[in-house]
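Within every chain, numbering begins at 1; the chains are lettered A, B, ... in the order of the sequence lines, protein sequences first and strands thereafter. Not measured: the values here are computed from a predicted model. The figures that follow rest on heavy atoms only: side chains count, while hydrogens, waters and symmetry mates do not.
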Amino acid sequence: MSHKWGLVVDLDRCTGCEACVVACHSENNIPTAGEDQAARGRTIQWIRVERTWEGDFPNPKVRFQPVLCQQCDAAPCEPVCPTYASYHTEEGLNGQVYNRCIGTRFCANACPYTVRSFNFFNPKWEKPLNLQLNPDVSVRSVGIMEKCTFCVQRIKSAEIQAKAERRELKDGEFTTACAQSCASKALVFGDLNDPNSEVARMANSDRATKLLGDLGTKPNVTYLERGNWQDGTNS
Amino acid sequence: MKVVYALFADPESAQHAVDALHSASADLKFSEQKIVIVSGEPHEGYDFADSHLTNLPYVWAVLGAAAGGLCGYLLTTLSQKSYPIFTGGMPITPPWTNGIIIYELTMLGAIVTTLITLLRGARLPNFKGLIKDPEIWLGKILVGVADPPDAARAQLETCLLRAGGAQVRETSTTH
Amino acid sequence: MERTAEQIEQDLLRPIFTTSSRYMIAVTLASCMVLAGVCALGYQLWEGIGVWGINSPVFWAFDITNFVFWIGISHAGTLISAILRLCNAAWRRPVTRCAEAITVFSILIGAAVPLFHVGRPWLDFWMIPYPSERGIWPNFRSPLAWDFFAISTYFTGSVTFLYLPTIPDFAAVRDNAKGLRKKIYGLLALGWQGTPRQWQRLEIAMHIMAIAIVPVAVSVHTIVSWDFSMTLVPMWHSTIFGPYFVIGAIFSGIAALILTMALLRKFLHLEEYLRPLHFNNLGKLLLTTSLLWFYFTFAERLTTWYGNSPSEMDVFWSSIRQNFAPIFWTMVVCNFVIPVPILSVKKFRTITGTAIASSTIIIGMWLERFLIIVPALDHKYLRFAWGTYRPTWVEDTLMASSFGMMALLYLLFSKAVPMISIWELKVGLQPHGGGVITTAPTKRKPRGLVLEGPLPTDVPE
């Protein structure tokens, strides 16, 4: 049976610590933009924690929402790429082929979640940070779009391992960098097609919602949230 | 090629001249195909100018458009069917979007065919045998005969002058 | 005042054979602007698109504004040449070549922009469907792939449409020139003679081209507008974009044409050919398109405001009241408030009046393209991801140099080619005014008998 990868984000557990952001950066060789470029809106963040609040210290009501590529089943970024760099894999991922991207940035405009990032310059890592690059993930050069891949390198390596050992993949055998580093276990990754997996179970919870679900993008990231915080977004 | 001709100031006298030459062609033993008319602008409504009316370029344009449309169809639909990429739900050969490209290639087919039809119909490019008389560009119409038989030369000149030509000239066009 | 064929020939061929110092200055200035643009482009290619002001979420800004703007300007030629030809409007005759030249050059500039705005321009050729062992193939579902085909077709059509009626004029230059010029123009003229057969075929070809180019032009700008409306971005995802952009294109195209004609008239001394009548008629067309533009803008904004969808209203208010308000209202003034009074009153619809209106319209339409793109990208669905945009010197230079490039190409063109179609003008002066070719001759002059009437008396030796 083929896999369909999904992620569940439990907003009632998220503390906004951004460990997931840091983990994603280090796992996926994401360059830091620097203070000046960050001020110009050029940061590359495959996952970002959106923070909204009401009220003041000492009792603000705060809400944290990690937003990452939703790996939509009906992704608006896929039809618009002229070179098929953004395409759909058979395991339900929205794949981004760096080698095919010519950088028209149409996909980034089409994405309603604004989760796609562009390499405005050639990435640089100051020494000794260049020594901590992950050899499993390619380094993208200038002019290429990138976004969360659900740590596809980890998915592939686990699949290859399981195939070599002639067995099925087990739930929880591997996970994405963000889910791995989440201290409050707010992020859970797994195979939605496996009815016994934790992610499939959680995705069917009565607290489940989809971000911008009414747009019809059919995201594979499910947000769990009790309560009805109104912050003006269409979630 | 040698052309014996006269220049006419307006289309009416040119028409007279052409008619005169047609009538004289049998007597003076030159073929009607050898009558040469050159002008610096088209003169519609006159027989000498309208004798080449044809619908053929329109037919070719439509055929060219059809060919372009077919190429568009083959390009989009065939190529998309032969690399069936997993699209996660998007159609492999969406007719509407392919239709846009088919439409553009149809129009391109019509345009390119029209250009080719023009070049062939007007026998362009053709750098040999050009008659160059600067007065053509000043509004005069040149009417004459190419390679007339020498015996008929004098009568030819009279014919042209009677029809209204100012002066008979001769040119050799070897380029 | 009627001109003889000889005078027409002299006036219209003069710019080709003589060069004034004013011309050289203009060419130098335009070349400097182009050079500045080339330097900026080189810097951008070396460093990366980061030297622009675009960011997340505003991934397209000046680049696509310029693209849509220049492709829009290109609709001048199509309207004037093709539509007026088909309508048999005789006043179009001196104007067609200026218009067609604008079309070809602005398509060139417009098509160059997307080639260089991508992150990796050296890989642009992947948009061409060619067989490759790596399995690279364009995605025909993408509006950018449609753009590629549409703009290529339109460019081919426009170049053909410009070139065909120029062939007889090249022959005229060839016959009046000497030396190298004669050879070059001889080649360009393809050995055109001017036999009735050739004229017939040329007119038929022009007729077919006129019929073919109009749907292509409409489709081109519609497809360019679909670069926006095919996405889910609030205030982009609107069905009005197709017609809105086409009308906007014709609008800006006529404005560019009027301005160009006013300049040509002054600098090439074409006062007898480009007359107040032409500016008056084009001014009326400009007025119509201004009103249509206003209608479309109003219809779009009213439906957005009335529907009150939150994400769309964010974009709406940002244009009307918040950060982009100064630009928005400048645009309305430039496109509607200033031109409409000038163009509606006959007394003001003079050459100067229409030129002023056209200048404001060109500014206004550039701003309109900017306002379609940036506020919507700035304010997408998720508030946390909103951003701002400011252009950098690279983008400003590239924009200015695109105008310089247009000026340079046009100046060079006016030196090489007669700016008014000589033979078409002469046809217009014929007693029955000439007309679009029809398949059956409707006006037949009676065939004169050879010896009818008195023999001509003046037969000089």
Side-chain angles (χ1 to χ4, degrees), chain A residues 33 37-45 48-52 65 67 76-87 97 99-122 140-145 211-212 215-217 231-235, chain C residues 47-60 63-64 114 117-127 134-148 227-228 230-234 236 309-311 314 373 376-377 380-390 392:
Chain A
Q37 291 298 313
R40 289 171 193 264
R42 303 276 182 76
T43 50
I44 299 184
Q45 288 192 303
R48 63 175 182 264
V49 176
E50 296 194 351
R51 193 185 59 191
T52 41
Q65 180 165 28
V67 175
C77 61
E78 283 169 19
V80 296
C81 175
T83 56
Y84 279 124
S86 169
Y87 78 109
V97 184
N99 279 343
R100 274 204 194 142
C101 179
I102 56 174
T104 59
R105 308 184 295 286
F106 203 166
C107 55
N109 288 332
C111 175
Y113 306 96
T114 322
V115 287
R116 283 174 157 273
S117 309
F118 185 65
N119 282 287
F120 287 93
F121 293 107
N122 261 325
R140 287 77 58 190
S141 65
V142 67
I144 293 181
M145 297 296 310
L211 185 58
L212 300 181
L215 286 181
T217 51
D231 64 350
T233 61
N234 290 345
S235 55
Chain C
E47 288 284 327
I49 299 276
V51 301
W52 287 358
I54 56 174
N55 54 33
S56 173
V58 186
F59 287 97
W60 285 346
D63 48 343
I64 300 295
H117 94 106
V118 296
R120 303 204 284 174
W122 48 93
L123 297 173
D124 276 330
F125 65 93
W126 285 351
M127 301 268 278
R134 288 170 296 165
I136 305 269
W137 195 247
N139 177 10
F140 296 122
R141 293 176 206 82
S142 168
L144 297 180
W146 309 339
D147 270 344
F148 169 70
D227 283 348
F228 308 115
M230 293 287 161
T231 64
L232 289 173
V233 176
W236 272 15
S309 159
S311 43
D314 288 330
I373 298 176
L377 288 180
K380 278 165 54 172
Y381 293 97
L382 298 180
R383 287 213 164 143
F384 198 82
W386 285 1
T388 58
Y389 169 75
R390 253 232 149 80
T392 59

## Note on the structure
Turns out that what part of A/Val97 lies under 4.5 Å from chain C's heavy atoms comes down to neither

### Summary
Residue from A/Thr114, A/Asn122, A/Asn109 scoring the most non-hydrogen pairs under 4.5 Å with chain C is A/Asn109

### Summary
Minimal heavy-atom distance between A/Phe118 and C/Gly119, with the atoms involved, is CZ-CA, 3.8 Å

### Message
If we define contacts as heavy-atom pairs under 4.5 Å, which of C/Val233, C/Asp227, C/Ile136, C/Asp124 has the most with chain A?
### Response
C/Asp227

### Query
Pick from C/Gly387, C/Pro143, C/Ala376: which one has the most heavy-atom pairs with chain A under 4.5 Å?
C/Pro143

### Message
Given heavy-atom pairs under 4.5 angstrom as the criterion, report whether the side chain, backbone, both or neither of A/Arg48 touches chain C.
### Response
side chain

### Query
Non-hydrogen atoms of chain A under 4.5 Å away: do they reach the side chain of C/Leu377, the backbone, both or neither?
side chain

#### Entry: Test log, rule side chain to side chain contact (heavy atoms under 4.5 Å, CB included), inputs A/Arg105 and C/Ile54
CA-CA 11 Å; A/Arg105 308 184 295 286; C/Ile54 56 174; 3.5 Å; yes

### Message
Given 3.5 Å as the limit, does a donor-acceptor pair link the side chain of C/Arg120 with the main chain of A/Cys101, or not?
### Response
yes

### Task
Using non-hydrogen atoms and a 4.5 Å limit, figure out which bit of A/Pro76 sits close to chain C: side chain, backbone, both or neither.
side chain

### C/Ile64 portion near chain A, given a 4.5 angstrom heavy-atom threshold
neither

### Task
Identify the two heavy atoms, one from A/Phe121 and one from C/Glu47, that lie closest to each other, and give their separation to 0.1 Å.
CD2-O, 3.3 Å

### Between A/Val115, A/Asn99, A/Ile44, the one whose heavy-atom pairs under 4.5 Å with chain C are most numerous
A/Asn99

### Task
Name the member of C/Asp63, C/Thr231, C/Leu232, C/Asn55 that forms the most heavy-atom pairs with chain A at distances under 4.5 Å.
C/Asn55

### Query
Contact part of C/Trp236 toward chain A, heavy-atom cut-off under 4.5 Å: side chain, backbone, both or neither?
side chain

#### Entry: Greatest number of heavy atom pairs closer than 4.5 Å to chain A - which of C/Gly48, C/Pro121, C/Pro57, C/Ser142
C/Ser142

#### Entry: Donor-acceptor contact below 3.5 Å, side chain C/Trp60 vs main chain A/Thr104
yes

### Task
Go through the steps for A/Tyr113 and C/Leu382 under the test side chain to side chain contact (heavy atoms under 4.5 Å, CB included), then give the verdict.
CA-CA 6 Å; A/Tyr113 306 96; C/Leu382 298 180; 4.2 Å; yes

### Query
Would A/Phe106 and C/Leu144 satisfy side chain to side chain contact (heavy atoms under 4.5 Å, CB included), going step by step from the backbone distance to the final call?
CA-CA 9 Å; A/Phe106 203 166; C/Leu144 297 180; 3.4 Å; yes

### Query
A/Gly103, A/Gly216, A/Ser117: which one forms the most heavy-atom pairs within less than 4.5 Å of chain C?
A/Gly103

### Partner chain C: residue of A/Arg51, A/Arg40, A/Gln37, A/Arg100 with the largest heavy-atom pair count (under 4.5 Å)
A/Arg100

### Task
Please answer whether the main-chain N or O of A/Glu78 pairs with a side-chain N or O of C/Arg141 as donor and acceptor at a distance below 3.5 Å.
no

#### Entry: Which atom of C/Trp137 lies closest to which atom of A/Tyr84, heavy atoms considered
O-CD1, 3.3 Å

